[in-house]
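A quick write-up on the structure given underneath.
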Amino acid sequence: MEQILLDKTRWGWWQSAVFYQIYPKSFQDTTGSGTGDLRGIISRLDYLQELGIDGIWMSPVCASPQVDNGYDISDYCAIDPIFGTMEDMDTLIAEAKKRGISIILDLVLNHCSSQHPWFLEAKKSRDNPYHDYFLWKDGDGSTPPNEMKACFGGPAWTYVPELGQYYFHQFAPEQPDLNWENPDMRAELYKSIRFWVDKGVEGFRLDVIDQIGKDPDLQVTGNGPKLHEFLRELSANAFPEVGLVTVGEAWGADVERAKLYSAPDCSELSMVFQFEHIGLDQQPGKEKWDLTKLYLPDLKRCMARWQNGLHGKGWNSLFLNNHDLPRIVSRWGNDKVYRVESAKMLATMLHGLEGTPYIFQGEELGMTNVRLKLEEYVDLEIHNLYAERTAKGYAQEDVMESIYARGRDNARTPMQWDDSPNAGFTTGTPWLPVNPNYRQINAKAELADPDSVFHYYQKLIRLRKTTPVISHGDFTLLAPEDEQVFAYIREDETSRLLVVCNFTDEEQKFDCPAGFENAQCLISNYPDAAPVLRPYEAYMLLAGK
């Protein structure tokens, strides 16, 4: 299928684009090390071009001790040797550009590695110029400055005896938070970003960017008082190009805050990653990682709130999977009997919305969650959770069920390329075990099957670029209280688009709205029409006005 190339020199090109997230460690290994690398990504660019995507968001490849899988950067302007060399990165940028694919780099600006030269200098003395690049509080090592907890467990403060001070970290102790109040530190970060822009990187995903305005004294982390001031300065100094795309990860964003992040004047960012929809199967009163059933009306109301709230006033990212989330077909779909149908249905629901879709590697194949032994998991969060839960008296079996449902390593298992050993990912021992179902679910098989999940995603991507109402039409939610069917209408001056999705494994009745009786079917996950919606059935109908 011929790829439609977007004009990336104009503002807003990303509003008709589709991005693809690569977790480099798990995408393709070319050295036999068991860890994916940049040359592996280069070797699969033709595959991504065939899919039709416009940009690759790569999880961090900068130099790092890998305590948190690269989200602990020790040098913002160097490539970690496990992924290759700077020459490999230059080749990747150039080869991707030849195929009309932009490289979007993942940068962590809220914190760095404890092995970063800045922090090594900061620990030498209180008078060191780099000391103020981080957040410190006096103490004697017996009691932290306050009761704040780190996201990965334990206190958010770590004591440095030689200084008689604690430093603040929202994540692992090896990830000290940066002090955004320091203008010299901010200037250093801007220089690092410009280094990559000069190399041809065309955008950035900014990790936990809503945390940079933190105030540990007030126990405030997200949405701090100076957050948007910092973001406007960051944009003016590091992202002045018209075509550069920037997306901020903001777990604490609501619709009103997102309007600031993604205002049409681009004074801050191009778009926001918000997560309100992702936690909707976490019912009140249940602890994190418990598996609970999605209540569909909640999801529909959430999606409608964001669609209508940002329309004409901001821009949203659309996603159901990423490196921090379990596979959506195992979470909201049916990864056994109706894996193909439910994977296509979930894609239909998402790709008919206004916003920029992000496909996480393997999502276009319908890859599923995995069940490993505890010792086979690598993720720090999984092991910390297991230790904390079992110490509180939770049954080991129950904790493991939670991990199977929600563990981050579900999304990080190696990409399933074919049915050869290790799914064609590596000739060595993979850093994380391959899902055993790779013999049935893999790219080679799906490329050969015109009815595969891959080819369905390929068609959805093409529709976004050739059907303007998908990118910019108004949104109207249908039957908001229906607990089985998610249906909505997109509308512009010339056309109306109906999107219908059955979220169950049973037949459902749906009355087609007036005006769609003779509409064109743009896409469907069943080969023919039927008087009822079949299990996980989904389709898009286009009608004129």
Side-chain angles (χ1 to χ4, degrees), residues 65 67-69 71-73 108-116 118-119 122-123 126 130-182 185-186 189 206-231 248-254 257 273-276 278-279 282 284 286-289 324 379-392 406 408:
V67 170
D68 187 25
N69 289 293
Y71 285 89
D72 48 320
I73 294 175
V108 188
L109 306 182
N110 173 72
H111 52 269
C112 66
S113 167
S114 58
Q115 297 304 307
H116 194 291
W118 296 347
F119 192 70
K123 290 199 301 180
R126 296 188 183 201
Y130 290 98
H131 187 76
D132 193 47
Y133 277 32
F134 301 92
L135 298 158
W136 303 88
K137 286 293 176 185
D138 294 345
D140 59 9
S142 62
T143 306
N146 57 39
E147 297 180 351
M148 292 185 72
K149 299 298 182 184
C151 295
F152 293 161
W157 299 91
T158 291
Y159 189 62
V160 180
E162 58 267 35
L163 293 177
Q165 288 185 309
Y166 291 85
Y167 67 88
F168 180 73
H169 54 89
Q170 293 185 69
F171 300 93
E174 296 87 353
Q175 295 169 288
D177 275 43
L178 293 164
N179 177 17
W180 270 73
E181 294 282 357
N182 186 307
M185 189 283 299
R186 300 199 303 271
L189 288 180
L206 305 175
D207 185 67
V208 293
I209 198 65
D210 61 343
Q211 310 290 306
I212 63 173
K214 69 189 78 67
D215 187 338
D217 288 339
L218 300 177
Q219 300 193 36
V220 171
T221 53
N223 303 307
K226 289 190 175 181
L227 171 62
H228 295 283
E229 175 186 331
F230 289 149
L231 285 175
E249 181 192 31
W251 285 80
D254 56 20
R257 291 189 180 107
F273 271 131
Q274 56 82 22
F275 295 82
E276 187 177 334
I278 290 299
Q282 184 59 62
K286 297 288 185 180
E287 293 196 31
K288 184 183 179 186
W289 297 46
D324 282 333
D379 183 31
L380 178 69
E381 187 176 56
I382 285 177
H383 288 280
N384 286 349
L385 174 107
Y386 183 86
E388 289 182 359
R389 287 287 182 88
T390 54
K392 290 179 180 178
R406 297 291 184 89
R408 297 194 303 182

Check whether any side-chain heavy atom of [X] lies under 4.5 Å from a side-chain heavy atom of [Y], and answer yes or no.
X: P216; Y: W157; answer: yes
X: K214; Y: L135; answer: yes
X: K137; Y: N146; answer: no
X: Q115; Y: V67; answer: no

Query raised in the report: Can you check whether Y166 and W136 have ring centres sitting under 6.0 Å from each other?
Result: no
Query raised in the report: Does the gap between the ring centers of F119 and Y167 come in under 6.0 Å?
Result: yes
Straight-line distance of [X] [atom1] to [Y] [atom2], nearest 0.5 Å:
X: I382; Y: R408; atom1: CD1; atom2: CZ; result: 8.0 Å
X: D210; Y: H228; atom1: CG; atom2: NE2; result: 9.0 Å
X: E249; Y: Q211; atom1: CD; atom2: CD; result: 8.5 Å
X: L163; Y: K123; atom1: CG; atom2: NZ; result: 8.5 Å
X: N182; Y: H131; atom1: CG; atom2: NE2; result: 11.5 Å
X: L231; Y: L109; atom1: CG; atom2: CG; result: 9.5 Å

Looking at [X] and [Y], what are the two nearest heavy atoms and their distance?
X: D72; Y: Q175; value: CB-CG, 3.7 Å
X: F134; Y: D177; value: CD2-O, 3.3 Å
X: Q274; Y: E276; value: OE1-N, 2.9 Å
X: F171; Y: H169; value: O-ND1, 3.1 Å
X: A156; Y: K149; value: CB-C, 3.8 Å
X: G164; Y: Y159; value: CA-OH, 3.4 Å

Query raised in the report: Thinking salt bridges, do R406 and D379 make one under a 4.0 Å N-O criterion?
Result: no
Query raised in the report: Hey, is the main chain of Y71 close enough, under 3.5 Å, to the side chain of D68 for a donor-acceptor pair?
Result: no
Query raised in the report: When you look at T221 and F168, which way does the side chain to side chain contact (heavy atoms under 4.5 Å, CB included) test go after all the steps?
Result: CA-CA 11 Å; T221 53; F168 180 73; 4.2 Å; yes
Report summary line: Given the options N179, N110, L206, I212 meets side chain to side chain contact (heavy atoms under 4.5 Å, CB included) only with N110
Query raised in the report: Take atom CD in E147; do more than 12 heavy atoms of anything else shown fall under 6.0 Å from it?
Result: no
